[in-house]
Enquirer: 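Starting off with a structure, shown below.
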Amino acid sequence: MSLPPARMPRPLLDARWRQAVDALVGGDADAALIALDALARAGHAPAQCDLGRALCYGVGREADVAAGLQWLLRADAAGEPRAAFSLAVIGLAGIWIARDAGTAARRLRHAAQAGFPPALRGLALALRAEDAADAQRISDICLAHAAARGDPVSARLRARPAFRMDALSPLPLLPEPDLSRGLAPPPARRTLCTDPRVEVADQALTAAECDLAIALGTPFLRPSATVDPRTGAAVKVPLRTSHDAVFDPVVEDVTLVAMQARMAAFADKPLGCAEPLALLRYGPGQEYRPHRDYLPPSRVRPVPEGGAGQRDRTVIAYLATPEAGGETAFPDLALRVPARRGDLLRFDNLDAAGRPAPRSLHAGLPVARGEKWICTLWFREAAYRGA
Ligand SMILES: O=C(O)CCC(=O)C(=O)O
Ligand SMILES: [Fe+2]
């Protein structure tokens, strides 16, 4: 006999929820979402969380952010740590809901204290930027716990070498991190050119942010392609010989969001105007030949028609300094920007009248020795994410 979910005992609900998650991961999104919906309505907080995330990010069906947020809020109110973490990331991004670093920090602490690995890692990296006496010690304990719970990125980011699971001390009472400092625009910028505008912010990223972006994106790297302007199809061409990865927004990460929020602040653009963050790796001899970042008109839906418009601005974050070569060059402006880990570069792709600016021509010069890693945000004129 089959009871309606609302009357099922908790272990049965948990079993149903695990089945639904297996179906979601296994690609049977329709069945998964129907099951999650029934469980969510029956008050099962983990299912509310998964349903909320699926709706927010359009997993298995068209995104419905408003409905997704409602489920996440209900799961969070019921104490579900993963929902607290998702809402912390969403609250820091400030695209779907107004940015609130204080509430995000409270939610992140709660999720970390409950042992959710991405939250432990996010809290650990936020603490690394703080100078309180205990911050570094607690940061390392958090990374150790996240690694022990199966997070390979935390294992890579640990300052100290491997450890044994049975040597782990219990998680101490964790502090609430100050997430607001990571969002502020870089304090100083150097203007290298005014037409088109090119600016650099020195040492605007922390070492932890650079390492995290590399570690998180590495599994997704593939040989770079570009778009054929005639057909719009992705093609492999000698224009880009690097490897790249695009961070799908569903890869929620507090540190990555804080880093992007700072890149957006430097660009004087809302983060919601940015395309998803891209990661690029260049080895010796690899390059990005001279090109412009604005799109062929056929791929631009103009703002007055409700589209996101052109790529009006680009921000590049340098994550790893090559031993030689790899500068970003602007041939028409006689400029070369060294690829120095931690620095940000921004430049305009359009002129003051909003027309494509041919002088924004730029290139990633060949790396001579070592590796160059960057993250790029291409900003549109109007809202792109969640639009
Ligand atoms: O690698 C570089 O320095 C330039 C990268 C670039 O042009 C881009 O990502 O659009
Ligand atoms: Fe570019």
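One-based numbering, in listed order, for ligands and for the atoms of each. Quick note: numbers below take in every heavy atom, side chains included, and nothing from hydrogens, waters or symmetry partners.
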Enquirer: Using a strict cut-off of 4.0 Å, indicate which atoms of ligand 1 neighbour a heavy atom of His291.
Expert: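 Checking each atom against His291, I get 6 (C), 7 (O), 10 (O).
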Enquirer: Could you please spell out the steps behind the salt bridge (Lys or Arg N to Asp or Glu O under 4.0 Å) verdict for Arg289 and Glu287?
Expert: CA-CA 6 Å; Arg289 298 219 184 127; Glu287 64 179 323; 3.0 Å; yes
Enquirer: Considering distance alone, does some N or O of Thr376 sit under 3.5 Å from an N or O of ligand 1?
Expert: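 N/O-N/O distance under 3.5 Å: yes.
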Enquirer: Identify the closest protein heavy atom to atom 8 (C) of ligand 1: which residue and atom is it, and at what distance?
Expert: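 Going by distance alone, atom 8 (C) of ligand 1 is nearest to Tyr288 CE1, 3.7 Å.
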Enquirer: Donor-acceptor pair, Thr191 side chain versus Glu199 backbone, under 3.5 Å?
Expert: no
Enquirer: Among Asp312, Asp293, Asp268, exactly one meets salt bridge (charged side-chain N to carboxylate O under 4.0 Å, His left out) together with Arg346. Which residue is that?
Expert: Asp268
Enquirer: Parallel, tilted or perpendicular: which fits the ring planes of His362 and Phe330, with parallel below 30° and perpendicular above 60°?
Expert: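 Rings of His362 and Phe330: tilted, 30 to 60°.
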Enquirer: Are any of the heavy atoms in Ile316 under 4.0 Å away from ligand 1?
Expert: yes
Enquirer: Output yes when a side-chain donor or acceptor of Glu305 lies under 3.5 Å from a complementary backbone atom of Pro302, and no otherwise.
Expert: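 Checked: no pair found.
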Enquirer: Taking distance alone, with no angle check, do Thr314 and ligand 1 share an N/O pair under 3.5 Å?
Expert: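 In this structure, Thr314 places no N or O atom under 3.5 Å from an N or O of ligand 1.
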Enquirer: What heavy-atom pair brings Cys210 and Leu319 nearest, and what distance separates the two atoms?
Expert: CB-O, 3.5 Å
Enquirer: May I ask you to list the atoms of ligand 1 that are less than 4.0 angstrom from any heavy atom of Trp378?
Expert: 8 (C), 9 (O), 10 (O)
Enquirer: Among all the protein's non-hydrogen atoms, which is closest to atom 3 (O) of ligand 1, and how far away is it?
Expert: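 Of every protein heavy atom, Thr328 OG1, 2.5 Å lies nearest to atom 3 (O) of ligand 1.
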Enquirer: Can you confirm, on distance only, whether ligand 1 has an N/O atom lying under 3.5 Å from any N/O atom belonging to Asp293?
Expert: yes
Enquirer: Nearest N/O/S atom of Asp293 with respect to the Fe ion (ligand 2), by atom name, please.
Expert: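 Within Asp293, restricted to N, O or S, the Fe ion (ligand 2) is closest to atom OD1.
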Enquirer: Just which atoms of ligand 1 are under 4.0 Å from any heavy atom in Gly364?
Expert: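 By the 4.0 Å cutoff, the relevant atoms are 1 (O), 2 (C), 3 (O).
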Enquirer: Keeping the roles fixed (side chain from Arg149, backbone from Pro117), state whether a donor-acceptor pair exists under 3.5 Å.
Expert: no
Enquirer: Could you tell me whether Lys372 sits above the aromatic face of Tyr282, with NZ or CZ closer than 6.0 angstrom to the six-membered ring centre and within 45 degrees of the axis?
Expert: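 The answer is yes; both the distance and angle limits are met.
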Enquirer: In terms of residue, atom name and distance, what is the protein heavy atom nearest to atom 1 (O) of ligand 1?
Expert: Tyr282 OH, 2.6 Å
Enquirer: So, for Ala213 and Leu279, which heavy atoms are closest and what is the spacing to 0.1 Å?
Expert: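 Residues Ala213 and Leu279, closest heavy atoms: O-CD2, 3.9 Å.
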Enquirer: Going by the order shown, which atoms of ligand 1 are within less than 4.0 Å of some heavy atom of Ile374?
Expert: 1 (O), 2 (C), 5 (C)
Enquirer: For atom 7 (O) of ligand 1, which of His362, Arg311, Lys372, Glu327 has the closest heavy atom?
Expert: His362
